[in-house]
Number of protein chains: 2
Amino acid sequence: MKMTPEILLKSLSDQTRLRSVMLLMQEGELCVCELTYALDLIQPKISRHLASLRDMWVVIDRRAGQWVYYSINSDLPLWANELLQALLKGSLNDKQHRADLKKIKNMSNRPENRICA
Amino acid sequence: MKMTPEILLKSLSDQTRLRSVMLLMQEGELCVCELTYALDLIQPKISRHLASLRDMWVVIDRRAGQWVYYSINSDLPLWANELLQALLKGSLNDKQHRADLKKIKNMSNRPENRICA
DNA sequence: AAATAATATATGGTTGATCATATATATGTC
DNA sequence: GACATATATATGATCAACCATATATTATTT
């Protein structure tokens with residue numbers, strides 16, 4: 001795994017991927033169906049972008065039954081983390097990001113709520 | 001002028017533009033012929049990418065006789081500056097960036113050297 | 001079987017590259 | 001001053017590669 005400025009920028013230069021990463025930064029971990037709901041996009045599109053982020057080592061995934069959860073790769077170099085922090089700061093006033101966040105907060109029937117046991 | 005995460009990421013997701021911005025961050029200000037030399041690319045390509053960066057308010061230009069100098073836009077929001085700093089940190093160990101920097105340092109006949117008078 | 005997620009396929013739009021040329025500025029000659 | 005020439009830079013036109021997308025289907029888990 002070799003994260004470079006070029007790779008990271010490329011991975012974030014798509015709107016859907018940027019929105020996904022910003023949500024992951026705020027929420028920690030989300031599954032495909034949650035992102036699909038929050039971003040209000042169709043599932044194959046979300047799945048594809050998440051796969052792209054995973055292939056570029058920006059995010060990692062884990063399966064929990066039917067659900068696949070994605071989260072930011074904690075092994076990113078310091079500069080990459082700093083870049084993401086700066087990005088989040090720039091996104092906090094972003095209308096789209098705020099709407100995404102609100103949507104996930106209001107989502108009912110989240111998997112997490114179901115697998116408490 | 002409205003700089004957003006999306007705009008900034010898009011502007012930096014091209015290799016030539018990224019290399020240009022990293023050099024500008026290190027050198028402060030460079031003209032087209034200097035960047036053309038340092039990046040070892042043809043002039044129209046450099047000119048186009050710089051125009052793109054200018055149109056997206058990442059850089060500003062000023063003409064000094066025959067020469068047009070480009071530099072990072074000092075009015076960028078804080079988060080954008082932080083992002084660029086993080087990016088530079090990630091680029092310092094980058095082979096390509098180091099080669100670019102070395103090339104500009106070794107450039108003879110730089111305009112700056114000629115317009116001392 | 002049902003729910004969730006990933007993938008195959010085809011399509012169209014975007015973006016970057018290159019060559020040629022236009023534009024801007026400076027200098028030399030008459 | 002007018003004109004020719006040189007140099008630096010920007011832009012028009014064109015093309016090809018790439019990437020994102022949607023629909024349909026497959027894979028995985030329960």
Side-chain angles (χ1 to χ4, degrees), chain A residues 6-7 9-21 24 29-56 58-71 107-117, chain B residues 6-21 24 29-56 58-71 104 107-117:
Chain A
E6 210 176 319
I7 291 175
L9 288 170
K10 275 271 194 293
S11 67
L12 297 172
S13 65
D14 171 77
Q15 197 181 61
T16 304
R17 292 202 291 276
L18 175 59
R19 288 168 70 191
S20 301
V21 169
L24 289 180
E29 189 180 57
L30 293 169
C31 68
V32 181
C33 64
E34 285 174 314
L35 280 162
T36 300
Y37 180 81
L39 301 188
D40 203 19
L41 299 167
I42 57 175
Q43 182 268 324
K45 179 173 176 176
I46 297 293
S47 191
R48 277 211 171 284
H49 281 300
L50 290 174
S52 175
L53 286 169
R54 185 192 57 232
D55 293 344
M56 290 190 266
V58 178
V59 301
I60 55 173
D61 65 351
R62 73 173 175 95
R63 181 176 276 276
Q66 297 178 183
W67 294 275
V68 180
Y69 288 88
Y70 288 82
S71 58
M107 179 181 176
S108 49
N109 273 345
R110 290 178 70 170
E112 226 161 78
N113 301 340
R114 277 201 295 259
I115 55 172
C116 289
Chain B
E6 211 174 318
I7 292 174
L8 189 56
L9 287 171
K10 275 269 194 290
S11 66
L12 298 172
S13 65
D14 169 77
Q15 197 183 60
T16 303
R17 291 203 291 278
L18 175 59
R19 287 169 70 191
S20 302
V21 167
L24 290 179
E29 189 178 54
L30 293 170
C31 68
V32 181
C33 65
E34 285 173 315
L35 280 163
T36 300
Y37 180 81
L39 302 188
D40 203 17
L41 298 167
I42 59 174
Q43 181 268 324
K45 182 174 178 173
I46 297 293
S47 192
R48 278 206 177 290
H49 282 297
L50 290 173
S52 176
L53 286 169
R54 185 192 57 232
D55 293 344
M56 288 191 267
V58 178
V59 301
I60 54 173
D61 65 352
R62 74 173 175 96
R63 181 176 278 273
Q66 298 179 186
W67 293 275
V68 180
Y69 287 88
Y70 287 80
S71 57
I104 193 65
M107 180 179 173
S108 49
N109 274 345
R110 290 177 74 170
E112 225 161 77
N113 300 340
R114 278 203 293 259
I115 56 173
C116 288

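Just so you know, these numbers use all the heavy atoms, side chains as well, and skip hydrogens, waters and symmetry mates. Chain A is the first sequence line, chain B the second, and so forth, proteins listed ahead of strands; every chain is numbered from 1.
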For B:Val59 and B:Leu50 the tightest heavy-atom approach is CG2-O, 4.0 Å
B:Val32 backbone acceptor or donor facing B:Thr36 side chain under 3.5 Å: yes
Taking atom P of C:dG16 as reference, at what distance in whole Å does atom CG of B:Leu39 sit? 15 Å
In whole angstroms, the gap separating C1' of D:dA10 from CZ of B:Arg54 amounts to 9 Å
Can you find a pair of side-chain heavy atoms, one from A:Ser20 and one from A:Tyr70, that are under 4.5 Å apart? no
Can you tell me how far C1' of C:dT7 sits from CG of A:Asp55, to the nearest Å? 12 Å
Starting at atom OH of A:Tyr37, determine the distance to atom P of C:dA3, rounded to an integer number of angstrom. 18 Å
Looking at A:Arg19 and A:Leu39, would you say the former's side chain and the latter's main chain have a donor-acceptor pair under 3.5 Å? yes
Could you write out each protein N or O paired with an N or O of nucleotides 22-25 of chain C at a distance under 3.5 Å?
none

Inter- and intrachain pairs under salt bridge (charged side-chain N to carboxylate O under 4.0 Å, His left out), touching residues 42-52 of chain B, at least two apart: none
For B:Leu8 against B:Val58, the heavy-atom pair lying closest together: CD1-CG2, 4.0 Å
Could you pick out which residue, A:Thr16 or B:Val68, lies toward the 5' side of DNA chain D when each is mapped onto its nearest nucleotide? B:Val68
Can you find a side chain N or O atom of A:Tyr70 that sits less than 4.0 Å from OP1 or OP2 on C:dA6? yes
Roughly, in whole Å, what's the span from CG in A:Leu18 to P in D:dA20? 13 Å
Beyond-backbone contact of A:Leu12 with A:Val21, side-chain heavy atoms, under 4.5 angstrom: yes
I need the minimum non-hydrogen distance between B:Ser11 and B:Arg17, along with the two atoms involved. O-NE, 2.8 Å
May I have the distance from A:Ile42 (atom CD1) to C:dT7 (atom P), rounded to whole angstrom? 16 Å
Taken to the nearest whole Å, CG/A:Asp14 to C1'/D:dC19 is 9 Å
Measure from the side-chain N and O atoms of B:Arg110 to the backbone N and O of B:Cys31, and report whether any donor-acceptor pair falls under 3.5 Å. no
How many whole angstroms separate atom CD1 of B:Ile7 from atom C1' of C:dT15? 17 Å
Which of residues 43-53 of chain A sit near DNA chain C, with a heavy atom under 4.0 Å from it? A:Gln43, A:Pro44, A:Ser47, A:Arg48
